[in-house]
Amino acid sequence: MLSNLRILLNNAALRKGHTSVVRNFWCGKPVQSQVQLKGRDLLTLKNFTGEEIQYMLWLSADLKFRIKQKGEYLPLLQGKSLGMIFEKRSTRTRLSTETGFALLGGHPSFLTTQDIHLGVNESLTDTARVLSSMTDAVLARVYKQSDLDTLAKEASIPIVNGLSDLYHPIQILADYLTLQEHYGSLKGLTLSWIGDGNNILHSIMMSAAKFGMHLQAATPKGYEPDPNIVKLAEQYAKENGTKLSMTNDPLEAARGGNVLITDTWISMGQEDEKKKRLQAFQGYQVTMKTAKVAASDWTFLHCLPRKPEEVDDEVFYSPRSLVFPEAENRKWTIMAVMVSLLTDYSPVLQKPKF
């Protein structure tokens, strides 16, 4: 039966034009997903159902297993090109996207503000139409979410949010893949956010409840998340039977949490606020004191780069810290995003438990 399964999978891969075949490993019972994401934009996880987000994570696990563990070559993006617009500098977003897209046989083109100045030397509409004629997709790391919305409206190719003032969806996919690998499932986990009410928190709020995860968030007064996003997150929590709590007390947010999460207190473009923010975030450093009130199986996430005032070394470099697997998973998840938006490929690995 195992031999027959391999033959079927190999034939299916060849019919789709894939040059690679399934080698000598067990993939589990193949599951045909009804999810179809080809041609979609990824601007915010608000626009995706829980099943659709699960599919991207499943595809991430599939690519990671087949390429990293089994050493397969999967040129799923051969002949495809990606425009990468970066208004803000980046390590993980740039490196994961460039290396991941190239690993799948595609050609990424990196564009900084020295190459393209959105809405300044050329309108967003014109930029979107030009890029649509020359590339198969665009990943844009921008200051304003509204710029992404305009690009998506005017472009005829998928637009992917590489970070904006409101959301950072591709980071959250990496976080969820990391947690699924560690805990074996996401349902029932309590996420404890301790920090700024920023784009990372917003993206968690737009997705956690869809997996059955609870969220406890602590932010300093004056640094709470966007009220409209809070309102929608409350709706998601009600629909999915999960808990959502907002507080200004870090220990209250950490109490009973499985996953302690924080991020930079000072994002790019907020450098002028540094002194004010450092003062406002006093008491928000994640330490072992914080961890003492968390669940016994607590872990720690940070999207990086990290500053010591946000989390001390004892937590950051502890065995409970998942920050480096989390960083690596940026690559596998962005690869899955690109494959799902640009191809008809379906995972052959058995679907993980979510």
Side-chain angles (χ1 to χ4, degrees), residues 45 60 88-96 141 162-165 167-183 186 189-208 213 215-220 223 225 250-251 253-255 257-271 274 277-278 280-295 297-334:
L45 295 176
S60 304
K88 294 184 175 186
R89 66 185 182 274
S90 167
T91 300
R92 280 146 295 278
T93 301
R94 178 180 179 180
L95 197 59
S96 62
R141 186 176 175 91
L163 176 142
S164 73
D165 55 343
Y167 299 111
H168 196 358
I170 59 176
Q171 175 63 54
I172 301 312
L173 293 177
D175 292 359
Y176 291 172
L177 179 62
T178 305
L179 295 177
Q180 194 282 330
E181 289 173 337
H182 180 82
Y183 288 103
L186 300 178
L189 292 178
T190 296
L191 309 180
S192 296
W193 176 268
I194 300 169
D196 193 13
N198 63 11
N199 49 12
I200 299 290
L201 177 57
H202 288 163
S203 292
I204 294 173
M205 295 175 77
M206 292 298 94
S207 55
M213 290 188 286
L215 175 60
Q216 302 171 171
T219 58
Y223 296 90
L251 290 181
R255 186 161 286 109
N258 302 103
V259 190
L260 304 177
I261 316 172
T262 193
D263 185 23
T264 182
W265 296 345
I266 305 161
S267 297
M268 282 174 276
Q270 298 174 338
E271 289 81 4
K274 182 175 181 179
R277 281 178 166 267
L278 287 176
F281 282 81
Q282 288 297 310
Y284 274 74
Q285 184 189 46
V286 178
T287 66
M288 284 299 178
K289 179 181 177 182
T290 317
K292 282 182 180 179
V293 302
D297 63 349
W298 69 271
T299 54
F300 175 76
L301 293 179
H302 191 304
C303 68
L304 306 178
R306 161 257 186 178
K307 301 292 190 299
E309 61 263 23
E310 299 151 5
V311 52
D312 68 8
D313 285 355
E314 190 176 7
V315 170
F316 187 78
Y317 292 111
S318 76
R320 302 295 190 98
S321 176
L322 303 178
V323 295
F324 296 111
E326 176 189 12
E328 180 195 339
N329 280 336
R330 289 292 305 277
K331 180 172 181 172
W332 303 109
T333 47
I334 194 59

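Keep in mind it's a predicted model, so treat the numbers as computed, not measured. Just the heavy atoms: all of them, side chains too, but no hydrogens, waters or symmetry mates, feed the values below.
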### Query
Going by an N to O cut-off under 4.0 Å, is there a salt bridge joining Asp165 and Lys88?
no
### Message
With side-chain contact (heavy atoms from CB on, under 4.5 Å) as the criterion, how do Glu326 and Gln171 come out once you've worked through the C-alpha distance, each side chain's angles and the decisive distance to 0.1 Å?
### Response
CA-CA 9 Å; Glu326 176 189 12; Gln171 175 63 54; 3.3 Å; yes
### Message
Among Leu173, Asn198, Leu45, Thr93, which residue satisfies the side-chain contact (heavy atoms from CB on, under 4.5 Å) criterion with His168?
### Response
Thr93
Is a side-chain donor or acceptor of [X] paired with a backbone partner of [Y] at a separation under 3.5 angstrom?
{"X": "Thr262", "Y": "Ile194", "result": "yes"}
{"X": "Glu314", "Y": "Thr287", "result": "no"}
{"X": "Asn199", "Y": "His202", "result": "no"}
{"X": "Tyr284", "Y": "Trp265", "result": "no"}
{"X": "Ser192", "Y": "Ala253", "result": "yes"}

### Message
My understanding is that only residues two or more places apart in sequence, or in another chain, count here; which of them pass side chain to side chain donor-acceptor pair (under 3.5 Å) with Arg255?
### Response
none
### Task
Applying side chain to side chain donor-acceptor pair (under 3.5 Å), name anything that partners Tyr176, two or more places apart in sequence or on another chain.
Ser207
Any side-chain heavy-atom pair from [X] and [Y] closer than 4.5 angstrom?
{"X": "His182", "Y": "Pro325", "result": "no"}
{"X": "Ile200", "Y": "Cys303", "result": "yes"}
{"X": "Arg330", "Y": "Ile170", "result": "yes"}
{"X": "Leu191", "Y": "Leu301", "result": "no"}
{"X": "Asp196", "Y": "Ile266", "result": "no"}
{"X": "Val259", "Y": "Leu322", "result": "no"}
{"X": "His302", "Y": "Val311", "result": "yes"}
{"X": "Glu310", "Y": "Asp263", "result": "no"}

[X] versus [Y], closest heavy-atom pair with distance:
{"X": "Arg92", "Y": "Ala327", "value": "CD-CB, 4.2 Å"}
{"X": "Phe281", "Y": "Gly195", "value": "CE2-C, 3.5 Å"}
{"X": "Ala254", "Y": "Thr290", "value": "CB-CG2, 3.6 Å"}
{"X": "Leu201", "Y": "Ala217", "value": "CD1-CB, 4.1 Å"}
{"X": "Ser90", "Y": "Arg141", "value": "CB-NE, 3.4 Å"}
{"X": "Leu179", "Y": "Thr299", "value": "CD2-OG1, 4.2 Å"}

### Query
In Å, rounded to the nearest 0.5 Å, how long is the span from CG of Leu95 to CD1 of Ile334?
12.5 Å
### Summary
So CG of Asp312 and CD of Gln285: to nearest 0.5 Å the spacing works out to 5.0 Å
### Task
Determine the interplanar angle of the Phe300 and Phe316 rings, folded into 0 to 90°, and report it as parallel if under 30°, tilted if 30 to 60°, perpendicular if over 60°.
perpendicular
### Query
Can you list the steps and then say if Lys289 with Val315 is a side-chain contact (heavy atoms from CB on, under 4.5 Å)?
CA-CA 10 Å; Lys289 179 181 177 182; Val315 170; over 6 Å; no
### Message
With no hydrogens and no angle check, just 3.5 Å: does a side-chain donor-acceptor pair link Thr178 and Asn329?
### Response
yes
